[in-house]
Amino acid sequence: MIITKPTCTIDGQKFEFTAGESMLEVARRNDIAIPTLCHDPRLDPAGACRSCLVEIEGQRRLLPSCATKATDGASFQTKSERVEKHRKTLFSLYLTDHADEDSEGGQHRGAPNKLAGASKKFGAENWGKLTNLRDEIAGDRSADVNPYIQYDSDLCILCAKCTRYCDEVEAVSAITLVGRGSETAIATPDSRSLLDTTCELCGGCVAVCPTGAMGEKKPKTRNQPIESELKKVRTTCNYCGVGCQFDFNVDPDGRDGLGEVVKVTSPDATPNQNMDLPAGFSGVSSDGNLCVKGRFGYDFVHHEERLTTPLVRGADGDLHPATWDEAFDAAIAGLEKVSAKYGDDSLAFVSSARCTIEENFLVQKVSRVAFGTNNVHQCAAT
Amino acid sequence: MTNSIREIRDADFLFVIGSNTSEAHPIIAMEMKRAVRRGATLIVADPRAIWLTTIADDHMQIKPGTDVWLLNAMAHVIINEDLTDKKFVAEHTEGFEAVRDAVQDYTPEEAEKMCGVSAELIRRTARSYATTRKAGIYYTLGITEHSHGTDNVYALANLVLLTGHLGGPSMGLNPLRGQNNVQGANDAGASPIYYPGYQRVDDTESQAKFEKLWKRDLSPDPGLNLNEMMKAAGDQIRAFFVMGEDILLSEPNVLALEERMNRVEFVVLQDIFPNETLRYADVVFPAGNFAEKEGVFVNSERRMQRVRKAVNPPGEARADWEILLELGRRASAKRNLDPSVWSHQTPAQIFREFSASAPNFAGITHERLDQPTPDGFSGLQWPCKDDQDPGTKYLHEGGVLRGKGLLTAVAYRPSMELPDKDYGLLLSTGRTLYHYNSATQTRRDEGLDAKQSEAFVQIHPRDARKRGIDEGDLVEVKTRRGVIEVAAHVSRQVRPGCIWMSLHFAEARANVLTNDVGDSVTGTAEYKVCAAEITKVNSIEFGHAGLFPGSYFHQSPRGAAADSEAGVLEEETQEN
Ligand code: SF4
Ligand code: SF4
Ligand code: FES
């Protein structure tokens, strides 16, 4: 028996799919671009933003491809005239009800504004600013003393990605949609500070927000460059053993050219088109998620209390700044003096589970090769 | 971990024991939340009502230190109700009879008396675990930081082997590593008994191999483990080299250690911040942090992932690897050893020497780690034996690595120091979401500090009332080893008779209190159980404990034990 996979037709071309895949997933897997704002592979489809609508044969209305499952024999258009017209109107509406990227409000936000890019692409027009009715219901969010996350209602398109992430992924339900109609906004119960809610400050809301309405406070209050001027460096979190991947966003000119970490962003959760990943896989095992330590706990990197010069204890009993040469000489002389007196096994080397493989490898090598002892252990024996 | 983080979301049964996952490993907890949302059963065994218990099907609020009782009783149920995977046990394990006989006395009824977990719940959990195929066990320091930590791990492994929950996706035995590179530090050979790749120093073949690589003769005598080093400080050990660690904050029974440190003649410290150990240092090397260097970390799922340099270090500070290479080169020259073994220029070259020296890592290089890998994620999971090997998602596929899995009979041994009439409470220590170990990094961040700025000790309302302690009072916590002052947080998160503190605060060092007795195999100290007493000092203004709201008045999950909870409330109201 030959089992044939179901197929559907997109823009006239036939594609196989696996039962359960949405039309959006099938299209994206085959490099057919469809704009989305409220879609995230980690979340249940909401069909809230209407930007992914496609024209399906035999359907009178355009339907959201993120929330419509592909069916055998279905055929749909992603670039038809009707779809294009819909996109232009939709993004014009969003633009009109939304602070401009280049306006004061759009600067220094913690997140890039995907809406601005899409608007430009689909020829959306700004029909003139509407009065923002959301502020009233959202309350004065600048009064929230939490130092990390900021909500700007005039950038929000109410796609509910942030609240869905908070419910479905982080599962703390700290923020929610409040109010009705044009007065709807994202808020905490009683407009409390996030610090006084169930919020664990994971910052997932910032990461998923397509417009920068959920943004990062630190880069803004520090008046640091906007995201497009920053260099991204992919690395591994240095806190716990999950090993989440994230990007340092670096201002290369900061700290007089030494480079300055402005913020941390998580890799995009949408599948990398070139890697043929199953839907929902982001290319990092942490799935683009971060906890509060990984996302916001980076201030130690440039902290003023860092040790910046070698120190050697003098005859007066105090530690004094020294050159590297002096410090190496003093260290080796001190260790050799002890080993001459009591033997190599009177030395002990404590290595660190915080440092890299290479560094742990070197500590045991220094201990075994340069000083002849197996007395070496890392600080966390479990 | 025998399995991968991404497999957790597809599990049907999760048994989380001795792991406050949502605080210590938040992103693994997200995977667990995802599984629970899908309908998986979650059972949490923990002395405290941690956040995960709010979404768990059941919470086994076990008395600290009685894990062997609980786990043996589960094995008892699985064996006596004939729920073992007979084929797996016959083909892949040995020692079944010994375990069968050993667990006969561990009936659920007796276990209930010892652990404070109902016999019915023990039965239900054992049955459900044994009969669910995709059933994974997750544990961390709550299992290992005991004088009988190794026994605990054996008892857990027995459950896995009896039921054959091994060698497939979403099952297995999964220790969650506390620090970013615990796995990597072990893999790299920062161990008194192993060269890189778990090759024993007292194995002549390994010794010969590394003597050839490093061009000198090597000592075949196993060295001291961390716990032994700390106890031998001032006696056998007369000098320390310490990298990236504050031993005077994180080692147990620190006051005794401080006293011994006075007899240590020489200390070199290499770190990014001044810390408590600096007081004893004779030479200090300023190091670079992880944003300032290239390298590799290995996470809990054995995945090697790249660390990349984003910025330059401040002032004279240098990356640890640069310092160590220079130290090795100069020290070798002093002893007339061949300095050519220190001629690496980059972390990539150092890594290559490391990975080529161990068969399980031989296929991994920086170059490969910088490419997208076959599973689509960044990084490679070892074992990865050659440059075509895609790495290993889960261990023990089709059998058990060492030939046959050894079922090990373990007997309950009480913790070394239990409450008595002078020290009536049982103290456990742990970690919280907002800080990280000695908190040298996290307390330098405004928001983390705002969410949780002060040290606190959690005490059950009944114990607090007996001692006239109110929420926020300044109290003295005392053990046979020392005393500290800290704010009281009155909470039903802890069991009556138990108190709990975090390890993060330098001004209230919990490790002044903890017991430094170590596990006989690993040397891991008993941070989780010792006897303590609390007295009130005075009332103070207390900031944010930074715990989830449920921690103040714990409600039992899904109404279980609601009656007894109501009973307690009533009793309290009357007494008030
Ligand atoms: S804040 Fe952002 S994510 Fe949340 S509803 Fe508004 S636009 Fe969507
Ligand atoms: S982001 Fe959080 S969960 Fe992920 S590795 Fe860092 S500390 Fe661990
Ligand atoms: S992405 Fe489909 S409706 Fe928003």
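Chain identifiers are assigned alphabetically (A, B, ...) following the order of the sequence lines, protein sequences preceding nucleic acid strands; residue numbering begins at 1 within each chain.
- A:D329 is listed as a side-chain neighbour of B:R330, based on a closest heavy-atom distance under 4.5 Å.
- Here the side chains of A:T236 and B:N299 are not in contact, with every heavy-atom distance at 4.5 Å or above.
- Only the side chain of B:I5 comes within contact range of chain A, judged by heavy atoms closer than 4.5 Å.
- Neither the backbone nor the side chain of B:R329 comes within less than 4.5 Å of any heavy atom of chain A.
- At a threshold of 4.0 Å, the pair A:E170-B:K33 counts as salt-bridged, since one of the basic side-chain nitrogens sits closer than that to a carboxylate oxygen.
- Looking at B:A29, neither its backbone nor its side chain comes within 4.5 Å of chain A, counting heavy atoms on both sides.
- Considering only heavy atoms from C-beta on, B:R306 stays 4.5 Å or farther from A:R234 through its side chain.
- By the ring-ring contact (aromatic ring centres under 6.0 Å, His included) test, B:F241 pairs with A:F349, sequence neighbours left out.
- Interface residue B:P347: backbone and side-chain heavy atoms are both found under 4.5 Å from chain A.
- With a 4.5 Å cut-off on non-hydrogen atoms, B:R37 touches chain A through its side chain but not through its backbone.
- Residues B:K309 and A:V233 have side chains not in contact (no heavy-atom distance under 4.5 Å, counting atoms from C-beta outward).
- Only the backbone of B:A287 comes within less than 4.5 Å of a heavy atom in chain A; its side chain stays farther off.
- When heavy atoms are compared at a cutoff of 4.5 Å, B:I28 approaches chain A by way of both its backbone and its side chain.
- For a residue to count as touching a neighbouring chain, one of its non-hydrogen atoms must lie under 4.5 Å from one of that chain's; by this rule B:F210 does not touch chain A.
- For a residue to count as touching a neighbouring chain, one of its non-hydrogen atoms must lie under 4.5 Å from one of that chain's; by this rule B:L337 touches chain A with the side chain only.
- Proximity to chain A involves both the backbone and the side chain of B:I323, based on heavy atoms less than 4.5 angstrom apart.
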Given salt bridge (charged side-chain N to carboxylate O under 4.0 Å, His left out), test A:K337 with B:E265 step by step and report yes or no.
-> CA-CA 9 Å; A:K337 193 172 148 204; B:E265 295 172 22; over 6 Å; no
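- Proximity to chain A (any heavy atom under 4.5 Å) is restricted, for B:K293, to the side chain, taken from C-beta onward.
- Between A:N360 and B:A188, the closest heavy-atom pair is CB-CB, 3.8 Å.
- Checked by atom type, the side-chain pair B:N186/A:Q378 shows a donor-acceptor distance below 3.5 Å.
- Of the listed residues (B:Q270, B:M243, B:M229, B:E251), just one forms a side-chain contact (heavy atoms from CB on, under 4.5 Å) with A:V350, and that residue is B:M229.
- Between B:F285 and A:F328, the ring center distance clears the sub-6.0 Å criterion.
- The side-chain heavy atoms of A:I357 and B:V298, taken from C-beta on, include a pair separated by under 4.5 Å.
- Between A:F361 and B:F354, the two ring planes are perpendicular [angle over 60°; tilted spans 30° to 60°].
- Of the two parts of B:V296, the backbone and the side chain both hold a non-hydrogen atom closer than 4.5 Å to a non-hydrogen atom of chain A.
- Electrostatic pairing of B:R308 and A:D247 does not count as a salt bridge here, judged by no charged N lying under 4.0 Å from a carboxylate O.
- In this structure, chain A has a heavy atom under 4.5 Å from the side chain of B:R34, while its backbone stays farther away.
- Salt-bridge annotation for B:E353 and A:K365: present, with a side-chain N of the basic residue lying under 4.0 Å from a carboxylate O of the acidic one.
- Among residues two or more places apart in sequence or in another chain, the ring-ring contact (aromatic ring centres under 6.0 Å, His included) test is passed with A:Y165 by none.
- Annotation for A:D318: atom CG counts as buried by contact number, over 12 foreign heavy atoms lying within 6.0 Å.
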